[in-house]
Amino acid sequence: FSCARYESLERALKKSSSGAEETLLAHEKEKGALHLKIAEARDRCEVLERKLGKSSSEAKDLLTSHEEEKRALEVKIAEATKRCESLEEARRKSESEAAEKLSSSDEEREALEGEIAAAKAQCESL
């Protein structure tokens, strides 16, 4: 081995070593930046998970509230339906009674007209 060759190899080694150190430093910086980005992403994820949990809870509360309102409205509809049926039955009964009274009045009127006619005939015969 010659000295020149040795010095040339030593320079190449220093240069290579210096390049490797620069590359290592660049990689370390990049690694640090990536770790920072990962931490930021985790933070955003946690915030979104909390928001999702809150939204989910609010949605469940709203759904429960709507279901309660629906049940209350169904009860009111059932009550109103019963009331309508009751009123309809009362109307039919009232119409039936009115028809009976009208029929009875017609019969009474005819009987009275008959009596009046008989009385007139009797009066005329006198």
Side-chain angles (χ1 to χ4, degrees):
F1 242 21
S2 71
C3 276
R5 175 88 174 126
Y6 174 77
E7 287 173 0
S8 171
L9 287 173
E10 192 174 0
R11 279 193 305 275
L13 179 62
K14 282 183 182 178
K15 188 176 180 182
S16 173
S17 185
S18 173
E21 284 177 13
E22 287 174 15
T23 302
L24 183 61
L25 285 175
H27 283 241
E28 287 295 325
K29 283 183 182 179
E30 192 175 324
K31 181 179 167 184
L34 288 173
H35 280 293
L36 183 62
K37 286 182 181 181
I38 289 170
E40 290 171 352
R42 276 192 193 125
D43 290 345
R44 282 194 307 268
C45 236
E46 288 173 2
V47 167
L48 290 173
E49 284 174 345
R50 283 193 300 274
K51 284 183 181 179
L52 177 61
K54 184 178 179 184
S55 294
S56 177
S57 175
E58 289 172 353
K60 286 178 186 174
D61 292 346
L62 191 57
L63 180 61
T64 300
S65 172
H66 282 207
E67 287 172 348
E68 289 170 357
E69 287 177 25
K70 179 184 170 190
R71 283 191 292 275
L73 288 173
E74 287 171 345
V75 167
K76 287 182 180 181
I77 289 169
E79 290 171 351
T81 301
K82 286 180 184 177
R83 179 75 178 133
C84 283
E85 290 170 352
S86 176
L87 289 172
E88 182 66 23
E89 181 62 32
R91 183 191 61 80
R92 282 193 296 268
K93 185 177 179 183
S94 177
E95 286 176 352
S96 175
E97 289 172 356
E100 287 175 15
K101 285 180 183 178
L102 184 59
S103 175
S104 173
S105 293
D106 286 345
E107 291 169 2
E108 288 176 15
R109 184 180 46 83
E110 288 173 4
L112 286 174
E113 286 175 351
E115 287 178 28
I116 291 170
K120 244 186 198 181
Q122 220 177 19
C123 283
E124 287 175 3
S125 66
L126 294 177

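Below, all heavy atoms of this structure are taken into account, side chains as well, without hydrogens, waters or symmetry copies. One-based numbering along the sequence shown.
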With rounding to the nearest 0.5 angstrom, report the [atom1] to [atom2] distance, [X] to [Y].
{"X": "Lys31", "Y": "Leu24", "atom1": "NZ", "atom2": "CG", "value": "9.5 Å"}
{"X": "Leu62", "Y": "Glu69", "atom1": "CG", "atom2": "CD", "value": "8.5 Å"}
{"X": "Asp61", "Y": "His66", "atom1": "CG", "atom2": "NE2", "value": "11.0 Å"}
{"X": "Ile38", "Y": "His35", "atom1": "CD1", "atom2": "NE2", "value": "6.0 Å"}
{"X": "Glu110", "Y": "Ser105", "atom1": "CD", "atom2": "OG", "value": "11.0 Å"}
{"X": "Leu87", "Y": "Glu85", "atom1": "CG", "atom2": "CD", "value": "10.5 Å"}

Inset, instruction - Evaluate side-chain contact (heavy atoms from CB on, under 4.5 Å) for Arg92 paired with Glu89, printing each intermediate quantity in order. - result: CA-CA 5 Å; Arg92 282 193 296 268; Glu89 181 62 32; 2.9 Å; yes
Inset, instruction - Flag the pair Arg71 / Glu67 as yes when at least one side-chain heavy-atom distance between them is below 4.5 Å, and no otherwise. - result: yes
Legend entry - Residue pair Arg50 / Val47, side-chain heavy-atom distance below 4.5 Å: yes
Inset, instruction - Mind running salt bridge (charged side-chain N to carboxylate O under 4.0 Å, His left out) on Arg42 and Glu46 for me, showing each step along the way? - result: CA-CA 6 Å; Arg42 276 192 193 125; Glu46 288 173 2; over 6 Å; no
Legend entry - Sidechain-backbone polar pair: Ser55 side chain, Lys51 backbone, donor-acceptor under 3.5 Å: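 Yes, Ser55 side chain to Lys51 backbone: donor-acceptor pair under 3.5 Å.
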Inset, instruction - For the pair Ser56 (side chain) and Leu52 (backbone), establish whether a donor and an acceptor sit closer than 3.5 Å, ignoring hydrogens and angles. - result: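 No.
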Inset, instruction - Start with the C-alpha gap between Glu97 and Lys93, add the side-chain angles, then the distance that decides, and say whether side-chain contact (heavy atoms from CB on, under 4.5 Å) holds. - result: CA-CA 6 Å; Glu97 289 172 356; Lys93 185 177 179 183; 3.4 Å; yes
Legend entry - Neighbour count >12 (heavy atoms, 6.0 Å) for atom CD, Glu74: yes
